[in-house]
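Heads up: the structure comes next, in structure tokens.
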Amino acid sequence: MALVAGVDCSTQSTKVLICDSETGEVVRQGRAPHPDATEVDPAIWWSALQTASDGLLDGVEAMAVGGQQHGMVTLDADGNVVRPALLWNDTRSAGAATDLIDELGGAQAWTDAVGLVPVASFTVTKLRWLAAHEPEQAKRVEQILLPHDWLTWKLSGRSIAPTTDRGDASGTGYWSAATGEYRLDLLERAFGREIGVPRVAAPAEIVGRTPEGIALAAGTGDNMAAALGLGAGPGDVVVSLGTSGTVFAVAEASTNDPSGFVADFADATGRFLPLVCTLNAARVLTAAADLLGVDLDRLSELALASTPGAAGLTLLPYLDGERTPDLPDETGRITGLTRANARPENLARAAVEGMLLGLADGLDAVRQHGVPVRRALLIGGAAMSPAVRAVASGILGVPVDVPAPGEYVALGAARQAAWALSGAAEPPRWTVAAEHTPDATDDYSGARDRYAQFRTGVQELSSRSNKS
Ligand SMILES: Nc1ncnc2c1ncn2[C@@H]1O[C@H](COP(=O)(O)OP(=O)(O)O)[C@@H](O)[C@H]1O
Ligand SMILES: O=C(CO)[C@@H](O)[C@H](O)COP(=O)(O)O
């Protein structure tokens, strides 16, 4: 039995799975936490990877890294990190995003060029922010990498020229999934001069070896890795409830959405991954639990004690600002509070529903872009919540399956490593067991309407204050 390792360097932690390369069975695993910050020294990820993989890599023949997307890792001429990486959920480059959209002639020009409309999450806007706000640091930058690119390069003992893959490259804003090519003119427009970018490796390529001789596969972005780990096929839409909330599917064709809702990402197999991402998912529940002075289990019990629609309470869960819709400076808001419904169980329910209602809009948007939706696969930390599982099908409006609890990003990275090791044309067949959640019987149309009205009102307020 050959062993392969998959790494997930996600927002809140690093996870490592060691798997049987033929079956995907997880034989051992580790994890280590990351700090709660929106800028992180990549050395912290490296140290978390050492801790999470400590004692696990004996006998491993190949490994790959799945990483949080979009993070800006800047290197100087000696390959040293210039400044802490700005993460996907850092909103300081929102103004840079607006400027870049205007300069290129609008949202359509961006989706035609690279399949996405700049928002603060995307790397291209972070480069503009760096050039404008930290010119001395910017002068030292010679190369831009993403978190998984940097970790793969570090794992090689810095012995290879840095690489990336289609999936992660498609979230930069200077690589197009539709054409499979860099748009270095856009990078230069953002940063003011040319800098180095990593080579885009093929999906099943071995890009190098660790000093111990473990083969390194290309790695990919965390959402692309999750799609591979789940073996998502036609009709499957993945709804991931981690720090971010994401809705995505593997597609045969690229998308072009100038509204900016659906990003035209690439997947890890040579296909596409239309994706909607919100900044606020699992941490909405932790914040609600803190507010109520309870733990996550009790929050779930409280939410289940309420009724669909949370007795009229609606939460817009923009606690960390929001990306979809593009409201980086917004905050969370609650409406519909009365003396009669002001109860802990309704607040808990509004938190669960608010988190899912934004993703229901995302699912509709993905469907409108031609993605068939037969079922949603619910993954990520907050998919462990019984309340989330109970209400998801009703709110999303589709059957919902919850794969057996697991780390699907790390599993997908391990599957990519097994694929690269095998030299086969397709990834190995690994099966994933999933539990079907109760089909929807409750009607959430009223809750969805109230949420849409509340959101539209907040968007109008925001656009008026931006104009004044
Ligand atoms: N039973 C649960 N109910 C609700 N949230 C949970 C539960 N278990 C874990 N979480 C949340 O899941 C999140 C971590 O999920 P994960 O998918 O690993 O995030 P990320 O990939 O962004 O680091 C944490 O915010 C944690 O509080
Ligand atoms: O920005 C995106 C996708 O575009 C996020 O999905 C990040 O990739 C971080 O993922 P998690 O750590 O929340 O899983």
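One-based numbering, in listed order, for ligands and for the atoms of each. Residues take their numbers from the sequence shown, with the count starting at 1. Being a predicted model, the structure only gives us computed values, none of them experimental.
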Exercise for the section: Would you check, one step at a time, whether the test salt bridge (Lys or Arg N to Asp or Glu O under 4.0 Å) holds for Arg298 with Asp295? Expected result: CA-CA 5 Å; Arg298 182 67 188 139; Asp295 63 16; over 6 Å; no
Exercise for the section: Decide ring-ring contact (aromatic ring centres under 6.0 Å, His included) for Phe265 and His70; before the verdict, give the C-alpha distance in whole Å, the side-chain angles of both, and the deciding distance to 0.1 Å. Expected result: CA-CA 12 Å; Phe265 292 160; His70 317 304; 5.7 Å; yes
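In this structure, Lys15 is part of the shell of residues with a heavy atom less than 4.0 angstrom from ligand 1.
In this structure, the protein non-hydrogen atom closest to atom 22 (O) of ligand 1 is Thr243 OG1, 2.5 Å. For atom 8 (N) of ligand 1, the nearest protein heavy atom (residue, atom name, distance) is Gly381 O, 3.5 Å. When hydrogens are left out, the protein atom nearest atom 25 (O) of ligand 1 is Gln12 NE2, 3.0 Å; that is the closest non-hydrogen contact. For atom 2 (C) of ligand 1, the closest heavy atom belonging to the protein is Met384 CB, 3.9 Å. Of the protein's non-hydrogen atoms, Ala282 CB, 3.6 Å is the one closest to atom 13 (C) of ligand 1.
Residue-level proximity to ligand 1 for Thr286 is carried by the side chain, the only part with a heavy atom below 4.0 angstrom.
One N or O on the side chain of Arg415 and one on the backbone of Leu228 form a donor-acceptor pair closer than 3.5 Å. For the pair His34 (side chain) and Ile44 (backbone), a donor-acceptor distance under 3.5 Å is absent. In this structure, Arg28 contributes its side chain and Leu56 its backbone to a donor-acceptor pair below 3.5 Å.
A donor-acceptor pair shorter than 3.5 Å cannot be found between the side chains of Asn280 and Thr278.
To the nearest 0.5 angstrom, Leu75 atom CG is 8.0 Å from Ile144 atom CD1.
When the heavy atoms of Ala281, Ser385, Ala226 are ranked by distance to atom 3 (N) of ligand 1, first place goes to Ser385.
Between Ser10 and ligand 1, at least one N/O pair is under 3.5 Å apart.
Listed by number with element, the atoms of ligand 1 under 4.0 Å from a non-hydrogen atom of Gly380 are 17 (O).
By the 30° and 60° cut-offs, the orientation of the rings of Tyr182 relative to Tyr174 is parallel. Classification of the Trp45-Trp150 ring pair by plane angle, with boundaries at 30° and 60°, yields perpendicular.
A salt bridge between Asp36 and Arg283 is present, with a side-chain N of the basic residue lying under 4.0 Å from a carboxylate O of the acidic one.
At a heavy-atom cutoff of 4.0 Å, ligand 2 is surrounded by Ser10, Thr11, Gln68, Gln69, His70, Trp88, Asp222, Asn223, Thr243, Ser244, Thr246, Phe265, Leu275, Cys277, Arg323.
Just one of Thr123, Asp168, Leu87 meets the side-chain contact (heavy atoms from CB on, under 4.5 Å) condition when paired with Gln69; it is Asp168.
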